[in-house]
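Below, chain A is the first sequence line, B the second, and so on; all start at residue 1.
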Amino acid sequence: MSSVEFVDFLKEIQEKWGKKWVEDNLFKAEDFDTKRKKFYLLTEFPYPSHVGLHMGHCRSYTMMDIYTRYLRMKGYNVLFPMGWDAFGLPTYNYAIKVNRPPKEVAKENVKNFKNQLIALGGSFDWTREINTTDPEYYRWTQWIFIQLYNHWYDPEYPREDGKKGKARPISELEIPDDIKKKGPKAIKEYQDRFRLAYKAKMPVYYCPHCRIGVADEEVEPGGTHERCHQPLEKRYLEQWLLRITAYADRLIEDLELVDFPDSVKRAQINWIGRKYGAEVKFFIENTDYPVTIFTTRLDTIYGVTFVAVSPEHSFVEWYFENVNNLGIDEETQKKVREYVEEARKKVDKTFEQKIKTGVFTGVYAVSPVTGEKVPVYVADFVLDEVGTGAIMGVPAHDQRDYEFATTYKLPIKVVIVPKDVYEKGQEAIEEFSLNLTKAYEKEGVLVQSDKYTGLSSNEAKKAILEDLYKKRLAEQVKYYRLRDWVFSRQHYWGEPTPMIYCEKCGWNPVPEDELPVILPDLDDYKMADDGTSPLQRATEWINTTCPECGGPARRETDVMPNWAGSNWYYVRYLDPHNKERLVDEKKAIYWLPVDFYDGGAEHTTMHLLYSRFIYKFLYDIGVVPTPEPYAKRRNHGLVLGPDGKKMSKSRGNVVNPWDVIEKFGADTVRMYVAFMGPYEGNVPWSDESARGVLRFLERAKAFIERSIKHIQENKGFKNNEMLTARLHRLIKRVSENIESLKFNTAVAALMEFLNNHENDVLDGENLEVFLKLLAPFAPFFAEEYWSRLSKPYSIHTSDWPVADEKLIEAHAEFVIPVQINGKVRGQVTVQGKVEDKEVILQIIRKDPKINRYLEGKKIQKVIFVPGKIINLVVKE
RNA sequence: GCCGGGAUGGCGGAACUGGUAGACGCGCCGGACUUAAAAUCCGGUGGGGCUUAAAACCCCGUGCGGGUUCGACUCCCGCUCCCGGCACCA
């Protein structure tokens with residue numbers, strides 16, 4: 001049989017069995033099965049783009065499919081589901097490009113993806129297939145949003161896992177009396193400040209050239225639009241935000257409960273970026289208006305020579321309201337106004353090497369420690385989203401402040417010196433200060449700081465904080481790099497946000513019994529040219545009635561981001577057709593948490609963190625039973641192009657899975673992607689290497705067919721024990737390798753066995769074992785020969801073979817390397833596991849080769865590790 | 001700049017918690033089959049030395065420099081380079 005014919009054979013059987021498995025629902029997971037242990041194996045669901053499955057999907061899904069098939073044969077009740085994350089920008093853009101409704105395009109993409117996954121042999125439970133764009137699915141995405149809106153976070157409230165902090169219904173939020181007195185509107189405003197979903201003005205990118213809103217990922221580093229390379233503008237729109245920061249501490253602490261790689265845990269902790277620091281009030285001279293700054297370096301406060309606020313800071317509004325009282329001249333006012341206007345619009349992501357700019361406001365702030373006045377600047381290097389959006393400028397000890405001070409000729413006052421400098425005395429301190437050419441950012445000992453002089457940075461931080469706290473000028477705060485999650489997108493192809501706005505009553509959620517709010521069809525799906533959502537054009541859909549007063553009201557036209565559907569999808573797999581609830585409680589208890597979550601390293605922070613947040617919220621409101629969703633997480637590697645670089649259209653190094661399945665057959669591709677490298681590694685594709693796997697399968701075919709023939713012709717034929725023992729050693733190796741995700745060495749072990757025994761034949765029992773070992777890797781191939789052996793359908797629901805340890809032990813072959821002074825000089829063969837070093841030494845003495853190294857020398861020491869090695873330390 | 005990961009033959013990669021470095025595959029070389037090629041099969045293949053050739057033997061070898069150890073790809077200290085992520089985070 002030529003290789004071409006063999007590939008045809010593979011394609012024939014993959015067609016035949018692939019179809020049958022799906023028809024038979026062979027891989028259906030059983031709810032509530034108590035006889036078998038459950039195993040929820042989750043792999044990130046794909047974003048079905050019009051390009052079709054890519055090689056990365058092909059490899060990670062195959063590896064997880066191998067794992068799944070193994071676990072299933074091992075006797076687990078495995079849940080291995082699949083679905084589609086079908087909302088999102090690429091599909092939307094593509095639909096506009098080909099001038100078709102996104103809905104139709106998405107549907108086709110899904111169909112295409114599903115066929116490809118079936119062809120690949122993915123043993124998914126298709127009865128649980130979900131699609132984030134299905135109204136019956138996004139009804140619950142919307143429902144979660146409403147629950148977030150209807151809840152607030154009480155950091156002190158006890159929760160089920162015994163710790164403190166829990167989401168509670170907004171109705172349970174205590175309203176202060178003075179608010180109550182002001183009436184229902186004030187009460188609602190007060191509640192809005194606590195809701196887990198709330199509205200706030202946030203910047204979005206807008207391209208004046210293309211006249212459309214631009215998503216974050218379409219912004220180029222220089223602040224230009226990816227498509228037209230023209231400069232973008234920042235606009236401020238009211239958007240929905242989710243209060244993830246309320247869960248920040250829990251998201252850090254509960255990492256202890258889960259088995260994630262350390263690097264992933266670290267990444268999450270860094271992403272959250274919890275820091276302790278102080279907020280300090282700097283009052284504007286002769287007013288009672290304070291600018292509150294945030295710092296982690298309170299020890300440097302005596303070095304403050306200016307205060308700077310971000311262009312977006314509320315100080316600016318206060319300033320213009322009070323310019324007259326402050327006695328600011330026209331020219332300064334004009335300068336400040338121009339600077340702020342310009343800066344608020346500007347989009348610039350190239351911060352480095354840029355000269356820091358700012359504008360002096362003409363007002364001074366009073367240092368809370370010295371009472372000295374320092375100038376107040378508006379400067380765009382101060383970011384509004386970081387800290388309080390205002391800083392104390394300490395040029396001597398912060399490089400950015402240093403650069404700013406140099407540009408604007410502000411004084412640079414050294415207040416921290418290294419310990420050894422301090423100890424050398426005044427002269428050394430002065431010399432250090434004079435020779436400063438850039439900020440000294442390390443901690444050290446305080447100088448020129450009144451009574452704190454001589455304290456270490458750490459001591460000073462505490463002492464200064466304590467003193468300022470007493471004067472109500474400072475307090476300790478926890479600060480997170482993580483910010484609340486902007487949850488509005490000005491696009492079309494996403495879940496409608498289930499909120500209604502009424503002039504009289506403000507925002508209200510859509511009543512739950514009216515869900516889902518279905519995304520309306522449009523005549524024209526193009527982006528709106530003012531940067532708002534295209535849904536603005538769905539006039540009929542927008543106009544509705546207020547759930548509170550029944551008067552005329554409008555629907556929210558911003559849709560949810562892509563994350564919305566994908567951060568809880570794995571819960572819906574448990575009960576995908578439930579019309580009453582997001583998930584049946586008992587099913588959730590049976591299946592959760594996810595036992596193993598496989599995904600890409602690129603989702604280590606955002607997706608993993610955000611989905612953990614949503615899950616924790618669902619836990620708080622009693623939808624799911626455990627504090628953490630994923631018991632174990634591992635990141636798979638990428639498939640690189642044949643050139644070793646990341647596959648990309650522009651590089652022209654893309655390998656299409658569909659093409660290689662056509663060329664080599666699905667079993668070959670499966671086995672090759674498992675074999676090509678370690679699970680976590682990024683490995684290049686190679687057609688030549690894939691051919692090596694094809695050769696292996698072809699040889700395996702000949703080997704199996706010869707064995708079958710031999711068995712039929714020789715009734716009662718049995719292999720010798722040695723061969724059987726070797727096969728059992730193979731069982732052990734393959735099992736251990738799959739369990740530790742070393743699919744590459746598992747395949748190598750199978751190859752090695754065939755290399756060693758290709759000229760033998762297997763007896764009936766051993767042949768079954770061999771096919772079973774092959775089954776997870778080459779499922780079509782294994783099924784075909786299983787059926788030819790007339791074994792009951794299917795090999796994939798048969799039992800995984802158990803290695804006979806005694807047999808392995810009995811036929812253990814020990815070759816002990818012999819080292820002289822750490823260098824291997826020979827080896828001796830022993831029977832069984834010899835523990836006594838004298839026995840080995842006697843064998844060595846009989847070996848002339850090794851003895852040559854011992855002539856005229858004295859053995860000083862013998863190190864013997866039974867079963868491993870013997871090392872003789874000798875001397876002249 | 002910060003955080004994370006990595007560096008092993010011509011290539012992808014093996015090597016358990018420190019115990020024969022290079023499993024397995026690709027490629028390459030030689031041979032068989034063939035009119036020929038492809039495919040397939042058999043043998044060889046880290047570098048160097050010695051040798052007419054082979055066997056045998058010797059030296060070097062896991063990015064670089066040191067250290068610990070009977071023994072180091074593996075552990076420790078100090079570097080270099082590459083890849084990924086984040087980045088004016090106060």
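- Residue A:Arg691 places its CZ atom among 12 or fewer non-hydrogen atoms of other residues, nucleotides or ligands, all under 6.0 Å distant.
- Within 4.0 Å of A:Asn744, counting heavy atoms only, lie sugar-phosphate atoms of the nucleic acid but no base atom.
- Going from the P atom of B:U8 to that of B:A15 covers 15 Å, rounded to whole Å.
- Glycosidic conformation of B:G9 is syn; the angle stays within 90° of 0.
- Taking atom P in both B:C24 and B:A14, the straight-line distance is 14 Å, to the nearest Å.
- Here A:Lys478 pairs with A:Asp249 under the salt bridge (charged side-chain N to carboxylate O under 4.0 Å, His left out) rule; sequence neighbours left out.
- Atom NZ of A:Lys11 is surrounded by more than 12 heavy atoms from other residues, nucleotides or ligands within 6.0 Å.
- Classification of the A:His757-A:Phe753 ring pair by plane angle, with boundaries at 30° and 60°, yields tilted.
- The A:Asn755 side chain lies nearest to B:G25 when the options are B:A15, B:G25, B:C88.
- A:Tyr479 is linked by a ring pair (Phe, Tyr, Trp, His ring centres under 6.0 Å) to A:Phe294, counting only residues two or more places apart in sequence or in another chain.
- Distance noted for atom P between B:C33 and B:C42: 15 Å (whole Å).
- Side-chain proximity of A:Val382 to B:A90, B:A15, B:U20: nearest is B:A90.
- The CD atom of A:Gln268 sits 14 Å away from the P atom of B:C86 (whole-angstrom rounding).
- If you check distances only, the side chain of A:Lys275 never reaches the base of B:C89 with a donor-acceptor pair under 3.5 Å.
- Partners of A:Thr292 according to the side chain to side chain contact (heavy atoms under 4.5 Å, CB included) rule, which considers only residues two or more places apart in sequence or in another chain, are A:Glu279, A:Lys281, A:Thr388.
- Between A:Lys742 and the phosphate of B:A15, there is a side-chain N or O to OP1/OP2 separation shorter than 4.0 Å.
- Applying the salt bridge (charged side-chain N to carboxylate O under 4.0 Å, His left out) rule to A:Glu342 yields no partners; only residues at least two apart in sequence or on another chain are considered.
- A:Arg612 pairs by the salt bridge (charged side-chain N to carboxylate O under 4.0 Å, His left out) definition with A:Glu628, not counting sequence neighbours.
- Side-chain atoms of A:Arg699 and A:Asn755 form a donor-acceptor pair, as typed in the model, at a separation below 3.5 Å.
- Among B:G12, B:C26, B:C89, the nucleotide with an atom closest to any side-chain atom of A:Val683 is B:G12.
- Nearest-nucleotide positions on RNA chain B for A:Glu752 and A:Gly387 put A:Glu752 closer to the 5' end.
- Nucleotides B:C88 and B:G4, compared at atom C1', are 22 Å apart to the nearest Å.
- For A:Asp299 and A:Arg297, the salt-bridge test passes: some basic side-chain N is under 4.0 Å from an acidic carboxylate O.
- Taking atom P on both nucleotides, B:G67 is separated from B:G12 by 31 Å, rounded to a whole Å.
- Atom CG of A:Asn270 is separated from atom P of B:G5 by 11 Å (rounded to the nearest Å).
- Using a 4.0 Å cutoff on non-hydrogen atoms, the parts of residues 670-681 of chain A near RNA chain B are A:Phe675, A:Met676, A:Pro678, ordered by number.
- For the P atoms, the distance linking B:C64 with B:A55 amounts to 30 Å, nearest Å.
- Comparing B:C89, B:C60, B:C24 against the side chain of A:Val386 picks out B:C89 as the nearest.
- Here B:C89 presents its C1' atom at 16 Å from CD of A:Gln399, a figure rounded to the nearest Å.
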Heteroatom pairs (N/O) under 3.5 angstrom, protein to nucleotides 66-71 of chain B:
residue, atom, partner, partner atom, Å
B:C70, O2', A:Asn871, ND2, 3.3
B:C70, O2, A:Asn871, ND2, 2.3

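- Comparing B:G31 with B:A23, their P atoms are spaced 24 Å from each other, to the whole Å.
- A:Tyr479 comes within 4.0 angstrom of a base, heavy atoms only.
- With B:A23, B:G27, B:A21 as the candidates, the nucleotide lying closest to the side chain of A:Glu688 is B:G27.
- Evaluation of the ring pair (Phe, Tyr, Trp, His ring centres under 6.0 Å) rule for A:Tyr672 yields A:Trp685 as partners, not counting sequence neighbours.
- In this structure, the CD atom of A:Glu312 is 14 Å from the C1' atom of B:C88, given to the nearest Å.
- In this structure, the nucleotide among B:A23, B:A87, B:C41 sitting nearest to the side chain of A:Arg481 is B:A87.
- Out of B:C88, B:G4, B:C57, the shortest distance to the side chain of A:Asp380 is found at B:C88.
- Checking B:U20, B:C24, B:A14 against every side-chain atom of A:Val815, the shortest atom distance belongs to B:U20.
- Following rounding to the nearest Å, A:Lys701 (NZ) and B:U40 (P) show an atom-to-atom distance of 15 Å.
- Between A:Asp384 atom CG and B:C88 atom C1' the separation is 14 Å, expressed in whole Å.
- In this structure, the nucleotide among B:C26, B:C3, B:G19 sitting nearest to the side chain of A:Arg266 is B:C3.
- Phosphate proximity of B:C26 to A:Arg695: present, with a side-chain N or O under 4.0 Å from OP1 or OP2.
- For RNA chain B, runs of at least 3 consecutive pairs of the Watson-Crick or G-U wobble type, with both hydrogen-bonding distances under 3.5 angstrom, map to B:1-7 with B:80-86, B:10-12 with B:24-26, B:27-32 with B:40-45, B:46-49 with B:57-60, B:63-67 with B:75-79.
- With sequence neighbours left out, A:Ser60 forms a side chain to side chain contact (heavy atoms under 4.5 Å, CB included) with A:Asp598, A:His636.
- When side chains are defined from C-beta on, A:Arg733 does not count as touching A:Leu750, because their heavy atoms never get closer than 4.5 Å.
- Residue contacts for A:Arg699: at a heavy-atom cut-off of 4.0 Å it reaches the sugar-phosphate backbone alone, with no base atom in range.
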Side-chain atoms of residues 377-386 of chain A: list all donor-acceptor pairs with protein atoms under 3.5 Å, sequence neighbours left out, distances to 0.1 Å.
residue, atom, partner, partner atom, Å
A:Asp380, OD1, A:Tyr339, OH, 3.4
A:Asp380, OD1, A:Thr357, OG1, 3.4
A:Asp380, OD2, A:Lys346, NZ, 3.4
A:Asp384, OD1, A:Ser310, OG, 2.8

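- For A:Lys868 and B:C16, a side-chain-to-base donor-acceptor distance below 3.5 Å is present, hydrogens and geometry of angles not being considered.
- Counting to the nearest Å, the P atom of B:G4 and the CZ atom of A:Phe260 are 18 Å from each other.
- Every side chain to side chain contact (heavy atoms under 4.5 Å, CB included) that A:Arg729 has, sequence neighbours left out, goes to A:Arg726, A:Ile808, A:Glu813.
- Mapping A:Ser686 and A:Asn682 onto RNA chain B by nearest heavy atom places A:Asn682 closer to the 5' end of the strand.
- Contact annotation for A:Arg483: base contact, defined as any heavy-atom pair under 4.0 Å involving a base atom.
- Separating the P atom of B:U45 from that of B:C57 is a span of 15 Å, rounded to the nearest Å.
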